[in-house]
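One structure coming up, written as structure tokens, with questions to follow.
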2 protein chains.
Amino acid sequence: MKYNKDTSEKILKAANIEFEEKGYNGARMQAIADRAGINKALLHYYYKSKDVLFQLIIKEAFTIFIPRIMDVFKEDSDIFTTIRKFVDNYIDIYIKHPRIPAFITQEINNNPDRLVYLLHSKGLNTDMFIKKIEKAIDEEQIKNTDPKQLLLNIISLCLFPFIARPIVTELILDGSKEKYNKLIKERKKEVAEFIINAIKK
Amino acid sequence: MKYNKDTSEKILKAANIEFEEKGYNGARMQAIADRAGINKALLHYYYKSKDVLFQLIIKEAFTIFIPRIMDVFKEDSDIFTTIRKFVDNYIDIYIKHPRIPAFITQEINNNPDRLVYLLHSKGLNTDMFIKKIEKAIDEEQIKNTDPKQLLLNIISLCLFPFIARPIVTELILDGSKEKYNKLIKERKKEVAEFIINAIKK
DNA sequence: GTCTATAAATTGATAGAC
DNA sequence: GTCTATCAATTTATAGAC
């Protein structure tokens, strides 16, 4: 079997868009073929089944969704600098890949048993975060807080606007996409300062 | 045409579960019939098509998702009491209907053009919120903040744990459902105080 | 009203020509 | 490698008996 690299890449790109937009159940092989500018038969020649193609796409999506970002909590900067850095890097990733959070959330909700393992395989380690927060509490730099609630707060603030883009746009921005983009841009600073104000003594 | 009320209610209940669990594209009429303890033919006798059934279910879901809750911002309690009350009521709704946020988010992401209008028809009015925040800023009760960012922060903190339950459970709670339930219970107070600390002068 | 049987439509996948 | 044509499986929807 021989493959044309250009064609195989066109397919992956098309599949990415189709799956992210419609989810596994809503995606159509015909639509992927159309987007790639080929026909279904050729699509199956390159990727044997819808499932095989989906596995490739979603595994790639997971590595983007769970970046090696907890490492900033290893550095010995003070807790506020660390949080600013974390939020900044974290939101930046989703600005670059805005449809990943909704895609992952949908698929994992529809099929938790088959997909949760991918959350671990990417090796997100929350221990460093927890420890750094506990240390900051001990040293009275921040208020006494449940580190897990705090982590959940941070992730909520960073991820939600991407997971629920149409809802946010429609509900608080009069359906204006321009306003949404502006809001997101300003968000890195907003979120970091909001968190820091909430926890500092 | 004559209908048995008990049967029609059994169907609606079954359809609710099936649609919420699998989404429109993943739901199967056969599965709904099975859950309701009837067969497909009878299901179609009561509800002409999958689409008709889905419309009923999702419209009901929207009215739960967007409750008449902004009214608390009309009351003349101080801003902190109001926020506490809002968060408390808001989270309570999703504790009672834990699968609604993920369901609505998924469907609206998959089909924004056909569904966003339902966000408005339920009449969530953010004006009262914005005004109350602006007043509190004027009177120097809270820091100078963009009211829309603040509203987004509040909604993010309340909704995200329900939209992304399996992710939260797996990523920060070692996959323990008990820990998740405990976390959610403690969350009403946590979120309210987090927000207040973030904005108070 | 409720059922069994079957039609009709959709969609993933394959055969075979070029 | 890429195509047209077709199959096979799944799933929504209907016909008709009781």
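Every chain is numbered from 1 and lettered A, B, ... according to where its sequence line falls, protein lines coming before strand lines.
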Whole Å only: how far is the CG atom of B/Leu53 from the P atom of D/dT11? 17 Å

Tell me which nucleotide among D/dA15, C/dT14, D/dT2 gets nearest to the side chain of A/Asn4. D/dT2

For A/Asn25 and D/dT12, give me the distance from atom CG to atom P, rounded to whole Å. 11 Å

Distance flag, aromatic centroids of B/Phe129 and B/Phe86, threshold under 6.0 Å: no

Would you say A/Thr7 reaches D/dT2's phosphate, i.e. side-chain N/O to OP1/OP2 under 4.0 Å? yes

How do A/Tyr46 and A/Lys40 order along DNA chain D: which one's closest nucleotide is nearer the 5' end? A/Tyr46

Could you state the NZ-P distance from A/Lys50 to D/dA9, rounded to the nearest angstrom? 18 Å

For A/Ser49 and B/Gly37, take the nucleotide of DNA chain C holding the closest heavy atom to each; which residue's nucleotide lies nearer the 5' end? B/Gly37

B/Lys50 charged N/C atom sitting above B/Tyr24 aromatic ring, 6.0 Å / 45°: yes

Short N-O contact, B/Lys13 and B/Glu9, less than 4.0 angstrom: no

Under 3.5 Å: donor-acceptor pair, side chain of A/Gln149, backbone of B/Leu183: yes

Whole-Å distance, B/Met29 CE to C/dT6 P, equals 21 Å

If you look at every strand shown and take non-hydrogen atoms under 4.0 Å, does A/Ala27 touch a base, only sugar-phosphate, or nothing? sugar-phosphate

Calculate the interatomic distance between A/Ile32 atom CD1 and C/dA13 atom P; express it in whole Å. 10 Å

Taking atom C1' of C/dG12 as reference, at what distance in whole Å does atom OH of A/Tyr47 sit? 18 Å

Take atom CG of A/Leu43 and atom P of D/dT2, then tell me their distance rounded to the nearest Å. 12 Å

Residue-phosphate contact under 4.0 Å: B/His44 side-chain N/O, D/dT14 OP1/OP2: no

Residue A/Arg28, side-chain heavy atoms: nucleotide from C/dG12, D/dC3, D/dT11 that is nearest: C/dG12

Ignoring backbone atoms, test whether A/Asn39 places a side-chain nitrogen or oxygen under 4.0 Å from the OP1 or OP2 oxygen of D/dT2. no

Interatomic distance where OH belongs to B/Tyr45 and P belongs to C/dA5 [whole Å]: 21 Å

B/Ile199 and A/Phe194, any side-chain heavy atoms less than 4.5 Å apart: yes

